[in-house]
Number of protein chains: 2
Amino acid sequence: MNDKLYQIGQLAKMAGTNVDTLRYYETAGLVNATRRSASGYRLYSEQDAQRLYFLLHAKKVGFSLKEIKQLLGLRLHKDEHTCEEVKHYTGAKISEIEAKIADLEKIKQALESLHMACCGGGESAENCSILSTLEDPDTFKHTSDK
Amino acid sequence: MNDKLYQIGQLAKMAGTNVDTLRYYETAGLVNATRRSASGYRLYSEQDAQRLYFLLHAKKVGFSLKEIKQLLGLRLHKDEHTCEEVKHYTGAKISEIEAKIADLEKIKQALESLHMACCGGGESAENCSILSTLEDPDTFKHTSDK
DNA sequence: ATAAACCCTTAAGTAGGCTCTAGGGTCAAG
DNA sequence: CTTGACCCTAGAGCCTACTTAAGGGTTTAT
Ligand SMILES: [Zn+2]
Ligand SMILES: [Zn+2]
Ligand SMILES: [Zn+2]
Ligand SMILES: [Zn+2]
């Protein structure tokens with residue numbers, strides 16, 4: 001069940017990207033089409049699509065294609081790595097993600113105080129109460145990085 | 001109070017980046033040094049540093065320098081925009097950030113189930129219970145984008 | 001007063017991630 | 001059986017965000 005296949009143009013539209021990018025991802029070894037039609041058209045399965053969605057979401061939040069390739073590849077070449085390595089890698093990535101979330105929460109808070117302070121009216125923002133938030137050095141204090 | 005100034009090298013080290021990048025950010029209009037020494041050395045204030053930290057954190061979570069420039073610029077050229085515009089922009093960015101956080105939470109969950117399922121031992125990961133999670137199309141289902 | 005460790009500028013080069021061009025097949029509709 | 005909307009490949013080109021190079025001042029320490 002669910003053996004529906006998509007042509008490259010359909011998948012591109014579904015995913016909000018374009019065909020060139022999909023072909024590029026193929027050459028980069030990121031998302032391959034399950035098979036080709038008799039005439040050589042790429043045919044993507046639902047799984048291929050899921051893989052692409054994962055990629056696009058991960059990209060959106062700042063992972064490089066190289067990192068994404070590793071993430072997507074966790075289930076592959078299982079025989080080439082020990083469980084210890086796998087566990088170490090996933091643990092590190094999880095911390096990384098937690099740090100990213102924390103960063104986003106802070107940026108969000110800064111924007112929210114701007115957003116709420118602003119009256120939203122049609123007048124010039126010259127006297128807008130926005131001023132203080134981003135100007136305040138404490139708005140986004142540096143705690144610890146890396 | 002707190003009128004400490006940093007040379008470019010110090011700031012670069014503090015921020016975990018390097019001097020070339022800081023000079024680049026200057027040419028890109030992102031982070032300027034408050035002033036120059038008699039001999040032309042850039043001298044960064046604590047506020048300049050905060051601005052840089054904001055930039056670096058925002059970059060880490062996938063914002064482009066162009067977007068970051070806008071974020072950092074919200075408090076500038078206040079006279080050129082209406083409160084309405086400001087409010088609209090911040091509102092849109094906040095939604096964007098919420099979507100990013102949601103994406104990260106999903107990726108995190110997927111990695112966490114991998115992480116917990118794996119025994120972490122020294123044997124080959126060939127029979128590792130990792131298999132199912134990333135292979136399952138539902139792991140990162142496409143809901144709605146853009 | 002000479003080294004070591006900083007700093008400056010301008011300009012060219014690089015890596016990652018697409019995006020476009022050229023030249024050509026494929027397929028459904030009318 | 002042609003037109004329009006797809007698809008293919010190979011390769012060049014482009015944008016972003018740095019990074020390196022070349023040539024040269026400045027500071028601090030011994
Ligand atoms: Zn306002
Ligand atoms: Zn207002
Ligand atoms: Zn395992
Ligand atoms: Zn194991």
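Letters A, B, ... mirror the listed sequences (proteins, then strands); counts begin at 1. Computed from heavy atoms alone, side chains included, the values below leave out hydrogens, waters and symmetry copies. Here the structure is a predicted model, which is why all the values come from computation and not from measurement.
Between B:R42 and A:L65, it is B:R42 whose nearest contact on DNA chain C lies nearer the 5' terminus. The residue among B:L55 and A:Q7 whose nearest nucleotide of DNA chain D lies closer to the 5′ end is A:Q7.
Taking atom CG on B:L5 and atom P on C:dC7, their separation rounds to 14 Å, with Å as the unit. Rounded to an integer number of Å, the gap from CD of A:E67 to C1' of C:dA15 is 15 Å.
Reading DNA chain D from its 5' end, the first and the last nucleotide to sit under 4.0 Å from a heavy atom of chain B are D:dA17 to D:dT27.
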key: Stepwise side-chain contact (heavy atoms from CB on, under 4.5 Å) check, A:F63 with A:I97   = CA-CA 10 Å; A:F63 286 105; A:I97 288 173; 3.8 Å; yes
query = Between B:L65 and B:K59, is a side-chain contact (heavy atoms from CB on, under 4.5 Å) present by the stated rule, with each step listed?
reply = CA-CA 7 Å; B:L65 294 188; B:K59 200 167 68 69; 3.9 Å; yes
message = Working note: A:K87 + A:E84, criterion salt bridge (charged side-chain N to carboxylate O under 4.0 Å, His left out); need CA distance, chi angles, decisive distance, verdict.
response = CA-CA 5 Å; A:K87 193 131 191 163; A:E84 198 177 3; over 6 Å; no
ask   = Is there a side-chain contact (heavy atoms from CB on, under 4.5 Å) between B:L74 and B:T90 once you walk through the steps?
value = CA-CA 9 Å; B:L74 272 182; B:T90 51; 3.7 Å; yes
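Looking at A:L11 and A:M14, their side chains come closer than 4.5 Å, going by heavy atoms from C-beta outward. The shortest side-chain heavy-atom distance between A:L43 and A:I8 does not fall under the 4.5 Å cut-off.
Within residues 20-33 of chain A, the residues approached by DNA chain C to less than 4.0 Å at the level of any non-hydrogen atom are A:D20, A:T21, A:Y24, A:Y25, in residue-number order.
Contact between A:L5 and A:S45 at its shortest, heavy atoms only, is CD2-CA, 3.7 Å. Taking each heavy atom of A:I107 and B:A58 in turn, the nearest pair found is CD1-CA, 3.6 Å.
The phosphate of C:dC18 (OP1 or OP2) has a side-chain N or O of A:K59 nearer than 4.0 angstrom.
With hydrogens and angles disregarded, no donor-acceptor distance shorter than 3.5 Å links the side chain of A:D103 to the backbone of A:K100. Under a 3.5 Å cut-off, the side chain of B:D48 and the backbone N or O of B:A33 do not form any donor-acceptor pair.
Using a 3.5 Å distance cut-off with no hydrogens or angles, the side chains of A:E46 and A:Y6 do pair a donor with an acceptor.
Using a 4.0 Å heavy-atom criterion, one finds that A:S37 contacts no nucleic acid atom at all.
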key: Strand DNA chain D as a dot-bracket string - pairs counted if Watson-Crick or G-U with both distances under 3.5 Å, | where the partner lies in another strand   = ||||||||||||||||||||||||||||||
